[in-house]
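Contents: one structure, followed by commentary.
These numbers were taken from a predicted model, which means no experiment stands behind them.
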Amino acid sequence: MTENMRYLRNFFIYNHLFAITFCNSIGLAEKNELLTSVSNIFSEDGLDTKPSSFPPHVNATNQWTKANHGWVVIENTTESLSLSEITNNDVGKLITLLSNFRKGSRLQNLTLENTSVNWRDFIEVLQTVWHSSIEYFSINRLTLQEQVTSSRFDYSGTSMKALVLKKVLVEDLYFSQDDIYKIFANMKIVALTIAESELIHMLCPLSDSPFRYINFSRNDLTDLLFQNCDKLIQLETFILHRNKFESLSKVSLMTSQMKSLRYLDMSSNLLRNGGAEERCQWTDSLAELDLSSNQLTESVFECLPVNINKLDLQNNQIGSVPKGIAELKSLQELNLASNRLADLPGCQGFTGLEILNIERNLILTPSADFFGSCPSVKELQAGQNPFKCSCELQDFLHVERQSGGKLAGWPEEYVCQYPEDLSGTQLNDFHLSELACNTTLLLVTALLLTLVLVAAVAFLCICLDVPWYVRMLWQWTQTKRRAWHECPEERETALQFHAFISYSERDALWVKNELIPSLEKGEGSIRLCQHERNFIPGKSIVENIINCIEKSYKSIFVLSPNFVQSEWCHYELYFAHHKLFSENSNSLILILLEPIPPYVIPARYHKLKALMAKRTYLEWPKERSKRALFWANLRAAICINLPVFDGQKRDERD
């Protein structure tokens with residue numbers, strides 16, 4: 001059974017390799033080198049009883065196979081090999097396997113996952129890989145067991161270019177840190193990564209190092225790293241993300257002798273800047289610097305590389321950009337997102353700035369002169385700020401419309417937060433009139449409207465004789481006040497007359513010969529109030545008019561062209577009309593003695609015009625036959641029983 005399975009396995013492998021070689025013109029001998037090596041290792045442990053445990057196709061990726069006793073093959077191609085679950089028991093077989101891949105072999109990439117070995121075996125595996133054809137060696141989740149001791153390492157003759165160690169755990173609690181550091185510090189490779197491994201220090205190389213890329217992210221490194229180290233002269237990229245650096249000036253001093261350094265990542269540390277008293281000595285070659293997610297304030301601008309091209313300062317505690325900072329003429333991209341800025345920074349120190357990110361700050365109303373002071377800016381990212389939609393924002397919106405699309409994320413990320421009634425409104429939908437936001441224009445408009453209003457009121461006052469009415473209202477008020485204080489016994493209202501007669505002196509002949517005799521004589525005598533006989537001497541004319549109107553049941557107005565020319569008739573009509581509205585009575589009787597042409601009535605007699613238009617009036621007939629009906633209608637309009645006074649009773653008894 002075993003022989004048959006071995007036969008089938010070999011038949012499948014060789015047929016498959018033949019097909020691939022034919023299609024891709026790849027040398028069969030080189031493929032057999034990797035396949036045979038791995039197969040031999042499996043056969044030593046009797047693993048060939050499971051022909052499916054090793055995938056024979058050379059282009060397979062992410063193929064997981066598990067032996068009964070041994071590691072897992074994750075990936076197996078002509079150039080790459082990934083293994084998992086390596087333990088101390090597998091080290092010998094792994095070294096045997098790797099020994100077959102000397103220089104000239106096509107295997108270039110080796111990845112080990114979940115490796116748990118002691119320090120001595122790890123050094124032996126690393127030394128074997130060092131002298132093989134492997135160029136990129138990566139170990140993820142490495143556990144170093146037993147005691148760590150000083151070890152010799154042969155750095156001569158290697159093809160390796162990059163070493164990656166992630167999640168390294170050293171179980172030995174008491175060992176010399178330098179025994180580990182010196183192995184990696186003096187490697188003659190291009191790239192070194194030791195990440196997520198609680199690394200607290202690293203030695204400076206003993207000679208000029210070929211390192212061009214170093215990644216020590218997610219460790220416990222401090223300001224002591226590479227101080228006074230002049231051996232990293234070829235280092236271009238240095239990543240120290242999420243460590244425990246505190247002093248920005250010491251970081252700058254660390255880079256001062258890295259003559260080729262172009263990119264430095266110091267994000268997510270504990271960096272603070274002490275201000276001008278601390279000297280900063282950055283290398284002149286540094287072009288990109290990431291200082292995001294630290295504790296830096298605005299004084300950081302006093303400690304920056306003068307030749308910096310791209311600067312990331314997001315998620316710090318920067319409240320402003322000082323105007324007196326040293327010029328960063330080479331700066332093209334600046335990220336100030338998630339800080340405490342209240343306004344857009346100027347470009348006095350960044351004359352070449354092209355991209356600015358100022359999102360998630362405290363900007364309420366951005367300055368409208370930003371693009372004017374920053375002519376080189378091609379893109380501004382200013383969204384997600386608590387914008388206050390007011391007149392001050394209008395100028396910025398006007399500039400945005402003229403900027404030609406320089407605002408990144410417009411309009412979705414630009415939303416009003418204040419005032420509350422506009423919260424959630426996009427700035428693109430916010431509009432205020434020019435009048436509401438231009439103070440000068442608003443004042444001029446208000447002044448013009450005030451002048452127009454004053455002119456209109458003055459015109460109406462002149463046309464409607466408002467001053468005359470105001471004067472009459474004042475006199476009426478004063479008369480009532482004096483009557484209240486001086487004659488309290490007369491405050492009781494009692495009707496003494498059937499009617500008060502208002503007429504022009506030019507119509508007195510008709511009143512005395514026709515009106516008074518016809519009403520006061522005969523059956524149903526009517527008592528009339530006439531100014532010549534009923535006005536009280538010593539009182540003002542206005543007071544007498546008011547008293548007579550208030551003591552009379554009706555007020556008879558004899559209308560004629562003479563009436564409307566009389567000033568006192570106008571007074572009497574005004575006070576009678578005031579009584580009409582104040583007491584809600586129907587006390588006015590209009591007698592049209594002669595027709596009155598409309599053009600004869602003065603403008604201030606608008607109440608008379610209204611009365612004649614709305615109320616029925618009695619017209620004095622010229623024919624004598626109609627006068628009896630006239631007097632009958634007039635008596636009927638005045639009909640009322642007045643209270644009889646003592647003097648009147650004595651007259652009736654006599």
- Just by modelled atom types, is the Asp284 backbone N or O under 3.5 Å from a matching donor or acceptor in the Asn307 side chain? yes
- Item | Passing candidate, salt bridge (Lys or Arg N to Asp or Glu O under 4.0 Å) with Glu236, options Lys259, Arg262, Arg212 | Arg212
- When every non-hydrogen atom of Ser373 is compared with those of Gly346, the smallest separation belongs to OG-CA, 4.3 Å
- Query: If we only count heavy atoms from C-beta on, is the Leu311 to Asn335 side-chain gap below 4.5 Å?
  - Reply: no
- Query: Looking at NE2 of His201 and CZ of Phe226, how far apart are the two atoms once the value is rounded to the nearest 0.5 Å?
  - Reply: 8.0 Å
- Can you name the closest pair of heavy atoms from Glu198 and Asn219 and give their distance? N-OD1, 3.1 Å
- Message: Could you measure the distance from the NZ atom of Lys310 to the CD atom of Glu354? Nearest 0.5 Å is fine.
- Response: 12.5 Å
- Item | Heavy-atom pair of closest approach, residues Asp223 and Ser247 | OD2-N, 3.3 Å
- Item | Gap separating the OG atom of Ser256 from the CG atom of Asp230, nearest 0.5 angstrom | 9.5 Å
- Message: Is the shortest side-chain heavy-atom distance between Thr193 and Tyr213 below 4.5 Å?
- Response: yes
- Query: Is the closest side-chain heavy-atom distance between Leu264 and Trp282 below 4.5 Å?
  - Reply: yes
- Item | Distance-only donor-acceptor check, side chains Ser338 and Asn315, under 3.5 Å | no
- Query: After noting the C-alpha distance and the side-chain angles of Ser330 and Asn309, does the key distance pass the side chain to side chain donor-acceptor pair (under 3.5 Å) rule?
  - Reply: CA-CA 5 Å; Ser330 300; Asn309 184 262; over 6 Å; no
- Message: Counting neighbours of CG on Asn228 that are heavy atoms of other residues, nucleotides or ligands and sit closer than 6.0 Å, is the number greater than 12?
- Response: no
- Query: Short question: side chain of Asn339, backbone of Ile318 - any donor-acceptor pair under 3.5 Å?
  - Reply: yes
- Query: Do any N or O atoms from the side chain of Asn269 and from the backbone of Leu240 form a donor-acceptor pair under 3.5 angstrom?
  - Reply: yes
- Task: Taking the side chain as every heavy atom from C-beta outward, state whether Phe245 and Leu270 have any pair of such atoms under 4.5 Å apart.
- Result: no
- Glu196 and side chain to side chain contact (heavy atoms under 4.5 Å, CB included): which partner among Arg141, Lys167, Arg242? Lys167
- Query: Heavy-atom distance under 4.5 Å between the side chains of Leu334 and Asn357, does that happen here?
  - Reply: no
- Task: Report yes if some heavy atom in the side chain of Tyr181 is under 4.5 Å from a heavy atom in the side chain of Leu199; otherwise report no.
- Result: yes
- Side-chain heavy-atom pair Met254, Phe238 within 4.5 angstrom cut-off: yes
- Who are the salt bridge (Lys or Arg N to Asp or Glu O under 4.0 Å) partners of Lys244, not counting sequence neighbours? Asp220
- So does Glu135 pair up with Lys161, basic N to acidic O under 4.0 Å? yes
